[in-house]
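What you see below is based on every heavy atom in this structure, not just the backbone, and it leaves out hydrogens, waters and symmetry mates. All of these numbers come straight from a predicted model, not from anything done at the bench. Numbers restart at 1 for each chain; the letters A, B, ... are given by sequence-line order, proteins then strands.
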Amino acid sequence: MNYFNLLLTRIKTEMEDLQAAGTLPLGLDFGPVGLDPPKDPRHGDVSTNAAMVLAKAAGKSPRDIASALVARLKAYPDTEAAEVAGPGFINLRLKAPFWYERLGEALLAGDAYGRSQFGASKGAINVEFVSANPTGPMHVGHARGAVFGDALATLLEFTGHDVKREYYINDAGAQVEVLARSAYLRYREALGDKIEIPSGLYPGEYLKDVGEGLVELYKSRFHNAPESEWLEPFREFAVAEMMGEIRDDLELLGVRHDVFTSERALVKQGKVDAALGDLKAKGLIYEGVLEPPKGKEPEDWEPRQQTLFRSTQFGDDIDRPVQKSDGSWTYFATDIAYHADKIRRGFGTLVDVWGADHGGYVKRMQAAVKAQSDGKVALDVKLCQLVKLMERGEPVKMSKRAGTFVTLKDVVDRVGRDVVRFIMLTRRNDAQLDFDYALVTEESRENPVFYVQYAHARCHSVLRNAAKEMPGVDLSAAALAKVELPRLTHPDELALIKVLASWPRSVESAAEAHEPHRVAFWLRDLAATFHALWNRGKEEEALRFLVDGDPSLTLARMALVRGCALGLAVGLRIMGVTPVEELR
RNA sequence: GCGCCCGUAGCUCAGUGGAUUAGAGCACUGGCCUCCGAAGCCAGGGGUCGCAGGUUCGAAUCCUGCCGGGCGCGCCA
């Protein structure tokens, strides 16, 4: 249970009573009323701005409203203090039993702690991520988008959203023809020809396997055949091979998709024509000439008649071309159709996870979604910034041309799936991320993966010791929920419960903001609070978790430790990281 | 030139309408292991939240302008 909601509901109930009593006028909008933890814990456990945001509409001073509310809020038995502070904040401090109840809830919920129906009313949501071109293996940059999208989807599922994970296969453009031609060279090479790879084709060694596969399938049938004969089958074969590799890479990372949508299939099914036809019917497609870009005009610029989409009507800077001069659709046109397809499938919210270099594309895509859904469907584009690979503070040099770029597989093989996943989520998506090989495998506080895993392992270590000392005692979460929690009286113990109790709200706000990195930060916070308490036991023996001769206190502390382990595990699982019970 | 993102401690970053004293890690200084895992903890110093206006009871957070960095800018996907 999100205790912020619980208290907010309480405050609203009291305000309604004040309305009934005539102290507050009717017809107030409680929407802006918020409840937050104060920055300074001395101000209380929670703080509400209710009196201040309602003052104007109520025609009363904030402090008057606050005093009236405080008088009522004080009366709750779980409330230790309710005070008016500053210009009219209301600070609440809850008694210990309130927090015992939260800990009990966490233990009873177990693996489902923090799970909610928060998003159930928000309609189906589509998260499209990775969508790497099927022209080569995935590199580190792709890993960030992959992990981000996967964790976001899990986060949304956890908070009750109806989520589909989707991959868009760009298998229709010029780049897959380049792939087919590159594969053709490797095919000839496999047949014994000496080949040279001209610039413009993909030089990667990884295509050798494709060439050999083609020989196996077609023998020498296309050896000296004209392109028109082999282009189609070679493209199909090469794309399938590349997608196979990409799926393998995604599996390495533990990333899964529900739906793979092929651009080629969209085109074949006439969905592009249909979507563009719809826009045309709305009067949003026209023939016109674009202004040259201001300032830095390209050398070869000349005015050109184009088929354009009126994206400016929906907030874009210029209208965008949808058709090439040879009559074929631009990438944008097929993307319009693709998003039309998602809209038709009934999603109320679309999330696209892209690389930061596609930033210039956001407005036109949002314009297209707005135009096609009549403003009913929201498109949130999450841009993932670059990942800078480092080795002890020095950037790892990468060059596609020299073939020294680092693949996703290289990184996962070297540091492991859990480390990659966790590190990718330790920054906001729009901030550049340094990924230091040395650092992420280091076992210290500097390395957030180990820091959090260590806290989890420590919890389990304590529980293992407890099991040894108290054989036969049930230390499961469900059993511990029923022990004498009021034995937990130390401020540091309550502090740990409070961090744990903030989880439902944290996970909910992370989901709402589409920001999975907040889970990582919450985990660090919980881990730090736990480590602090653990160490306190070194100085004050009375604070150790296992207390000789006082089984009821020990059990209460096991409840706390179990709760902590549970919170850490739940958060890690949302990130797709396996919580470990023992470090080796 | 235009658009988007970013600018918070020496470094890497959280915090995006809430208040006295803006947080964390690293680095720096000092302390804590016969003791549930020291792979950890505690304490201390360190900030005009890029600059200037504005909105507001209240701004790191919203708006405008400027400065600095990144990305992008007509048939590449």
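With B:G37, B:C71, B:A77 as the candidates, the nucleotide lying closest to the side chain of A:H358 is B:A77. Taking the side chain of A:R458 as heavy atoms from C-beta on, and the options B:G74, B:A77, B:G40, the nearest nucleotide is B:G40.
Not a single donor-acceptor pair, N or O on each side, falls under 3.5 Å between the base of B:A19 and the side chain of A:N49. Remark: the A:N535 side chain and the B:G40 base include a donor-acceptor N/O pair separated by less than 3.5 Å. No hydrogens or angles were tested; on distance alone, a donor-acceptor pair under 3.5 Å links the side chain of A:R544 to the base of B:C35.
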Item checked: Nucleotide pairing, RNA chain B (Watson-Crick or G-U, distances under 3.5 Å), in dot-bracket with [ ] and | -> (((((((..((((....[....)))).(((((.......))))).....(((((..]....))))))))))))....
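Rounded to whole Å, the P atom of B:C13 lies 36 Å from the corresponding atom of B:U56. Taking the C1' atom of each, B:A24 and B:G47 are spaced 14 Å apart, rounded to whole Å.
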Between N or O atoms, less than 3.5 Å apart, protein on one side and nucleotides 4-14 of chain B on the other: list the pairs.
from	atom 1	to	atom 2	distance (Å)
B:U12	O2'	A:R427	NH2	2.6
B:C13	OP1	A:Q432	O	3.2
B:A14	OP1	A:R428	N	3.1

Distances under 3.5 Å only, N/O to N/O: pair up the protein atoms with those of nucleotides 64-68 of chain B.
none

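Here B:G74 presents its C1' atom at 13 Å from CZ of A:F332, a figure rounded to the nearest Å.
Residue-nucleotide stacking is not present for A:Y451 and B:A39, judged by a side-chain ring centre under 5.5 Å from the six-membered base ring centre and planes under 30° apart.
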Margin query: Base contacts versus sugar-phosphate-only contacts with protein, heavy atoms under 4.0 Å: please encode nucleotides 54-61 of chain B as B, S and - from 5' to 3'.
Written below: ---S----
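Under the side chain to side chain donor-acceptor pair (under 3.5 Å) criterion, A:W503 pairs with no residue at all, not counting sequence neighbours.
Applying the 4.0 Å criterion to OP1 and OP2 of B:G37, one finds that A:S461 has a side-chain N or O inside that range. For B:A38, the OP1/OP2 oxygens have a side-chain nitrogen or oxygen of A:K538 closer than 4.0 Å.
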Could you pull out every donor-acceptor pair under 3.5 Å between side chains of residues 382-390 of chain A and any protein atom, sequence neighbours left out?
from	atom 1	to	atom 2	distance (Å)
A:K382	NZ	A:H514	O	3.3

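In this structure, A:F148 has its ring center no closer than 6.0 Å to that of A:H517.
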